[in-house]
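I have placed the structure first, in the form of structure tokens, so that the comments after it can refer back to it.
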Amino acid sequence: MTAVLAIGRVTVRGLLPGRRIIGLGLVAIVPALILFLATGSQTDARAAEQAANLATTLLLGISMPVIALILSTSALGDEKDQDTLSFLAVRPIQRVAIAGAKLVAAWFVVFELLGFGALLMGVATGLVANEWGLIIPLLVASAIGALGYVAIFVPFGFVAKRATLIGLIYVFLWELSITSGLTGLAPSSIWKITLTAFFDMAPVDVGEVVTLIGDMAPGVGGAVAKMGILALLSLGVTTALLRYRDIT
Amino acid sequence: MTTPEFAADATIEVTSLSKWFGQKVAVSDISCSFGPGVTGLLGPNGAGKTTLLRVLTGLLRPSEGAITLFGVDPRRSPSVYRRVALVPEEDAVYPFLTGAQLAAYSAQLAGVARPKRAAARAMEAVNLVESAHRPIAGYSKGMRQRAKVAAALVGDPEILILDEPLNGTDPVQRAHLIELFRSYGAAGRTIVISSHVLAEVERVADRVIAVVDGKLAAAGDIGAIRNAMSDIPFRVKVRADNARRLGGALLNEAAVHSVSVENDTVLHVETRDLSTLGHALPRVAKGIDVGFIGFEPEDESLESVFRYLVHRR
């Protein structure tokens, strides 16, 4: 357990060098800033709906996958690129423990940044629309969505050379475009599954963005279960990669 | 086994090991073993030493053959790493950690009971106490090498595998590390040190395994390798104003093995006695009234030595 915690701690430190945290911190808070600028003198109900829209599209649709992509692909990818994976691999630690530590550390860091953005968005909504009930749904949705993206991007960062670039193409092409146009594919999108949890908990009318989830029913439990299964699959895949692939 | 490739009381056993990456064969059918004491893994750059060490430590999977550490395959039983440590050639260090933190992290990963105390001991062993609490990002190459060695020693390994550990170290650090490795070897631990510098290996190792082009070229004690090398005909490029005439005269010299003329002013001479040839050249040239311009060894590099050893096998 000490070793796993140690890997987690060092991973968290490695994922948050100054420049990266500033850049991703900005990505996290931009939706809240836009909300402040965009609402103007609208009614509370209209401003709350706009806040839910911005949270759906900007915070959970763009900030979340971008932050998760950059940090998660670095969790193992940086160790591989900087040759420190050999430091980690020649240790009396089961590969599943290394994989688990990496996944948890990546999720923690992603949620730390994204959660800050979600909290700010919730507070901004309270200030501009007098609606404080979005804070918890946004935090919960961020935690759920972060888990899903981390589950995909941590092993991907280990196997792919241009993981960030390919990941961005995946996010913008698949998550934001294809599964939005073809709502029948929505169940294969981390973003859309996250939205089912957010829409279920949000105390305001989210407007037309509700169509993004297609035929999926809003529900926190289902989203948590799906992301949990994805995380377990990711644990298995990452463990297998560490066990069977060459560490060069 | 009694052949020089195999050590008595082997802790690391390599059986018909090959490793290739796509079309490139990095290690080809090597069988050998390592036991207590210091063994030098000698070979020119690109010979396959690093690949061999990475297979030995389980970082790479053999394409063919097998390796065992204490009788087990490390890729199947990571628990064997409690007794094994690697100092890789590359800078496998976290720049944001201090040297002491790196060693303590290594101790935690190795399951050492008091990681900070063990880290302090290891930093002392490599003479890095004064810089122990500075971030590794600010370390020199030599300091980073010592930090890596400290991180490896912290778990008190029975097998220590070091890939070019003396690269970047200054002469004082080098002498200290060599002494350290020798003391570990003398204490019955298995130390494997790779290097492309024969003199370096000679100072630290009792036994040598030489690798070139991915193949085992020679094995045995330093004396045996030295003897093998003394048989090598050196190739020398000679410049004179009449290369053909000088070449003909040189064939009468006992020190000359063969002569080939490149053009009017350049010839190539093979000799097993470079010193005698050096004395004979101006004398012979003067005797036949040929202007002698100079000569230079063509292949004194370690690589040529290894190639010779490979062809001899």
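Source: prediction; values computed, not measured. Below, read A as the first sequence line, B as the second, and so on, with proteins coming before strands; counting in each chain starts at 1.
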Quick check on A:R245 against chain B: is it the side chain, the backbone, both or neither that has a heavy atom closer than 4.5 Å? backbone
Salt-bridged, B:E89 to B:K49, with N to O below 4.0 Å? no
Using the rule side-chain contact (heavy atoms from CB on, under 4.5 Å), only one of B:R75, B:R61, B:K19 pairs with B:V55; which is it? B:K19
Measure up the A:W107 and A:F111 rings against each other and bin them: parallel (under 30°), tilted (30 to 60°), perpendicular (over 60°). parallel
Only pairs of heavy atoms separated by less than 4.5 Å count here; which of A:T84, A:D83, A:D78 has the most with chain B? A:T84
Residue B:A151 versus chain A: region with a heavy atom under 4.5 Å: both
What part of B:S106 gets within 4.5 angstrom of chain A, counting heavy atoms only: side chain, backbone, both, or neither? both
Checking B:R83 against B:F70: charged group under 6.0 Å from the ring centre and within 45 degrees of the axis? yes
Interface residue of largest heavy-atom contact number with chain B, from A:L85, A:L88, A:V90, under 4.5 Å: A:V90
Report which part of B:R54 has an atom under 4.5 Å of a heavy atom belonging to chain A: side chain, backbone, both, or neither. side chain
Go through A:V4, A:T2, A:I7 and name the one with the most non-hydrogen pairs under 4.5 angstrom from chain B. A:I7
With a sphere of 6.0 Å drawn around CZ of A:F116, does it hold more than 12 non-hydrogen atoms of other residues, nucleotides or ligands? no
What about the rings of B:Y105 and B:Y94, do their centers lie closer together than 6.0 Å? yes
